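Worksheet: the structure to be examined is printed underneath.
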Amino acid sequence: MNTIKTTYDIIIIGAGHAGCEAALAAARLGVRTAVFCLALDTVANLPCNPAIGGTAKGQIVAEIDALGGEMGRAADACLIQLRTLNRGKGAAVHALRAQCDRTAYHLYMKGCLERQPNLELKQDEVREIVIEGGAVTGVRTRLGFFYGAKAVIIASGTYLNAQIHVGETSFSSGADGVLPALELARSLEGAGVKLRRFKTGTPARVNRRSINFDVMEVQYGDEIITPFAFGSSENLRNQAACYITYTNEKTHAIIRENIHRSPLYSGRVTGTGARYCPSIEDKVVRFADKDRHQIFVEPMGLSTDECYLQGISSSLPAEVQERFIRSIAGLENAEIIRHGYAIEYDCCNPIDLFATLEFKGIAGLYSAGQFNSTSGYEEAAAQGLLAGINAVRKIREVEPLILPRSSSYIGTLIDDLVTKGCDEPYRMMTSRSEYRLILRQDNAPERLARIGFEAGLLDKARYDLFLAEQELIQAELKKLRKITAKPSAELNRLLEQKGTAPVSNGVKLVDLLKRPQVCYEDLASIALLCEDLPPRIRRKIEIEVKYEGYIRLQEEQVRKLGGIEAKKLPPDFDYREIRGLRIEAAEKLNLHKPLNIGQASRISGVNPADITVLLLMQK
């Protein structure tokens with residue numbers, strides 16, 4: 001059992017979205033890396049809806065891409081349909097969402113791992129993390145090998161001690177019938193890692209041939225596609241439509257009649273589920289006043305007829321699922337290919353982590369993804385990317401990469417986890433950020449490309465492309481501020497058609513574009529602006545102009561608050577030694593070990609008076 005197979009710099013446990021980004025980041029940064037998974041057929045698996053992006057999540061994917069990660073390029077390469085969400089709202093919440101081909105996505109990412117220099121992909125179960133003198137030294141696997149490592153990243157997803165529930169039936173299993181990781185959970189507990197129980201779920205899948213799409217609402221993708229990956233030259237196109245239908249009172253009656261058979265309500269499921277992704281049982285009980293709930297019928301891929309029923313996740317007995325699904329318009333003859341289920345799994349408490357995603361009590365042990373009490377492919381990938389970067393930096397004894405909240409949703413996500421913690425699976429939403437107007441999807445490269453390039457992940461060709469685009473944008477903005485449009489019949493006819501006042505005197509182009517009714521394309525149509533700019537660049541220029549005042553205010557807010565973020569705190573300080581600091585605050589500060597005063601201010605139990613004491617301590 002102690003046979004030494006080989007030694008790596010970094011080992012990643014799990015090859016889901018967190019594990020893939022962690023492994024690629026570490027290998028691309030030049031260290032010898034291995035990633036272990038329970039089954040190679042589950043690399044980058046999309047066990048729920050094969051969709052990437054969405055509100056706040058699309059922003060995270062753009063940030064991953066700007067830093068040099070892979071998820072955005074994978075989504076572009078495998079998309080079936082792409083839509084921009086929240087178009088009717090402000091630019092801060094606009095977000096891309098791609099319905100992807102599940103199999104193609106898996107093969108794309110698996111190929112990335114297989115072809116990546118410095119990286120080995122292995123099918124074997126890691127059963128033990130070996131720790132000596134408070135630091136990681138390697139792992140032992142089911143096949144009897146010991147692999148040495150300077151750092152280990154846990155990205156176990158929902159497989160750790162996993163159990164599936166469907167009605168009265170329960171069995172030990174991970175998603176899609178893959179065996180769960182049982183021994184690793186025991187090893188972690190033995191090492192002092194505190195584990196807790198969370199839950200997630202998924203809906204049934206049905207055969208396309210059994211669906212009556214004629215009675216459903218059709219949902220097409222964007223006419224002009226904006227890729228996730230900046231500078232992408234791919235000729236992307238929508239290849240399928242999605243559909244919308246609704247539950248009804250008959251559906252709800254069937255669910256209410258059988259609610260006692262749901263493991264969520266019978267007491268057999270003890271794990272905490274995600275508030276923002278409730279099962280259909282939860283919706284019917286918690287929102288009893290609603291007479292219907294929306295269902296999105298979405299393809300699982302171009303080479304399969306399997307369709308995903310987003311919105312009706314359920315762990316009711318299989319026969320009950322069949323009854324309530326067939327009560328829904330368009331699904332009366334549904335052939336169910338896979339029934340829905342709930343899955344319970346073990347995860348850590350993220351307040352036990354540093355902002356680098358390293359465990360506070362075990363040197364060299366990092367974690368990312370759903371093991372960190374989060375939900376979502378995008379959140380997992382973002383954590384994997386940062387865990388991989390920081391594990392490499394620790395090995396090389398250089399400063400870690402910690403993104404502030406004002407820089408990114410990724411920074412907000414990690415700061416929330418390690419300072420505030422969470423009592424349920426964490427999901428990123430735009431409302432979690434104080435800076436969402438300057439953390440838009442369109443400006444992710446401006447915020448993070450330089451960081452990704454200097455970190456060594458964003459390659460020079462893409463960084464040079466980013467710099468060239470910036471020059472193009474600045475030149476066009478300069479023209480907008482410089483050129484005066486003279487009154488003309490053509491211009492005033494356009495303005496009146498758009499529902500805004502005509503002009504009688506010369507007006508700067510920038511002032512015309514600031515009008516809510518006028519867009520960049522309008523001015524380009526009468527030869528006042530360049531028609532050849534890519535749609536993404538035009539949209540970006542328009543946002544910069546229309547929101548200029550609001551953006552300036554938020555940037556000023558960042559500058560003001562940046563002062564306390566810059567005031568560092570010693571990582572090994574005993575806060576009980578500070579006179580005037582409340583006992584509760586000292587205990588919380590000793591538990592969290594914040595990196596700076598800004599982070600300390602966000603810890604529950606630390607109040608403004610405590611922060612004043614910390615500020616006085618630094619003088």
Side-chain angles (χ1 to χ4, degrees), residues 1-16 18-19 22 34-38 122-163 172-174 178-199 270-272 343-354 356-374 383-384 387 390-391 394-395 417-418 421-422 590-593:
M1 287 298 293
N2 294 323
T3 303
I4 297 177
K5 183 71 173 175
T6 190
T7 298
Y8 298 94
D9 292 307
I10 296 176
I11 286 175
I12 294 96
I13 303 172
V35 56
F36 289 79
C37 62
L38 295 167
K122 295 181 176 294
Q123 179 171 295
D124 195 357
E125 178 189 350
V126 173
R127 291 193 159 191
E128 180 185 356
I129 295 173
V130 181
I131 299 167
E132 296 176 7
V136 164
T137 58
V139 302
R140 289 193 178 93
T141 72
R142 182 177 187 175
L143 297 180
F145 293 116
F146 170 81
Y147 295 90
K150 299 173 185 176
V152 172
I153 302 171
I154 303 170
S156 54
T158 61
Y159 287 93
L160 200 63
N161 204 17
Q163 189 167 30
S172 184
S173 174
V178 177
L179 292 173
L182 303 178
E183 296 298 326
L184 180 59
R186 298 186 183 101
S187 172
L188 289 168
E189 286 184 312
V193 175
K194 302 182 188 72
L195 298 179
R196 54 185 178 172
R197 203 81 171 143
F198 272 8
K199 181 224 63 136
T270 59
T272 304
I343 181 169
E344 287 187 288
Y345 56 95
D346 287 348
C347 55
C348 77
N349 189 333
I351 65 171
D352 293 333
L353 305 172
F354 291 117
T356 59
L357 298 181
E358 182 183 24
F359 274 93
K360 292 173 181 174
I362 307 172
L365 182 62
Y366 293 77
S367 66
Q370 286 188 266
F371 181 68
N372 283 354
S373 296
T374 62
Q383 294 168 70
N390 283 321
K394 183 179 180 79
I395 289 171
L417 290 173
V418 302
C422 55
N590 278 333
L591 174 66
H592 288 272
K593 298 295 185 185

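Only a predicted model underlies this, so the values are computations on that prediction, with no experimental measurement involved. All values below were derived from every heavy atom in this structure, side-chain atoms included, with hydrogens, water molecules and symmetry-related copies excluded.
- Closest approach of Thr158 and Tyr345 over heavy atoms only: O-CB, 3.3 Å.
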Under the criterion side-chain contact (heavy atoms from CB on, under 4.5 Å), I'd like the reasoning laid out for Val152 against Val126: C-alpha separation, chi angles, the key distance, then a yes or no.
CA-CA 11 Å; Val152 172; Val126 173; over 6 Å; no
Run the numbers on Ile154 and Tyr366 for side-chain contact (heavy atoms from CB on, under 4.5 Å), then give the verdict.
CA-CA 6 Å; Ile154 303 170; Tyr366 293 77; over 6 Å; no
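- When only modelled atom types and interatomic distance are considered, Gln383 and Thr374 share a side-chain donor-acceptor pair under 3.5 Å.
- When every heavy atom of Phe371 is checked against every heavy atom of Asp346, the shortest pair comes out as CD1-O, 4.1 Å.
- A donor-acceptor contact under 3.5 angstrom links the side chains of Thr270 and Glu344, judged on distance only.
- When only modelled atom types and interatomic distance are considered, Asn390 and Glu358 share no side-chain donor-acceptor pair under 3.5 Å.
- Of all non-hydrogen atoms in Ala15 and Cys37, the two that sit nearest each other are CB-CB, 3.8 Å.
- Taking OG1 of Thr141 as the start and CD1 of Ile11 as the end, the distance is 9.5 Å to the nearest 0.5 Å.
- Between the Ser173 side chain and the Leu179 main chain, no donor and acceptor come within less than 3.5 Å of each other.
- Here the CD1-OG distance, from Ile12 to Ser156, works out to 13.0 Å after rounding to the nearest 0.5 Å.
- A salt bridge links Glu183 with Arg186: at least one charged nitrogen is closer than 4.0 Å to a carboxylate oxygen.
- Once rounded to the nearest 0.5 Å, the distance linking SG of Cys347 with CG of Leu160 reads 8.5 Å.
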I would like to know whether Lys150 and Asp9 meet side-chain contact (heavy atoms from CB on, under 4.5 Å); could you show each step before the answer?
CA-CA 5 Å; Lys150 299 173 185 176; Asp9 292 307; 3.1 Å; yes
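- Among all heavy-atom pairs drawn from His592 and Lys360, the shortest one is O-NZ, 2.8 Å.
- Separating the CG atom in Leu184 from the CD1 atom in Ile129 is a distance of 5.0 Å, to the nearest 0.5 Å.
- Nearest heavy atoms, Thr137 versus Phe146: O-CZ, 3.7 Å.
- With Ser367 as the fixed residue, the side chain to side chain contact (heavy atoms under 4.5 Å, CB included) test singles out one of Ser373, Pro350, Cys348: Cys348.
- With a 4.5 Å cut-off on side-chain heavy atoms, Ile362 and Val193 count as touching.
- Using a 4.5 Å heavy-atom threshold, the side chains of Tyr159 and Val178 count as touching.
- Summarising the geometry of Glu125 relative to Leu182, their closest heavy-atom pair is OE2-N, 4.0 Å, with the distance given to 0.1 Å.
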Would Arg127 and Arg140 count as a side-chain contact (heavy atoms from CB on, under 4.5 Å) if you check the C-alpha gap in whole Å, the side-chain angles of each, and the deciding distance to 0.1 Å?
CA-CA 6 Å; Arg127 291 193 159 191; Arg140 289 193 178 93; 5.9 Å; no
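- The 12-atom threshold is not exceeded at NZ of Lys5, counting heavy atoms of other residues, nucleotides or ligands nearer than 6.0 Å.
- Tyr147 places a side-chain heavy atom less than 4.5 Å from the side chain of Phe36.
- With rounding to the nearest 0.5 Å, the separation of CG in Asp352 from CG in Leu417 is 12.0 Å.
- Checking Thr272 against Arg196 by side-chain atom types alone, no donor-acceptor pair falls below 3.5 Å.
- Atom CG of residue Leu591 and atom CD1 of residue Ile351 lie 4.5 Å apart, to the nearest 0.5 angstrom.
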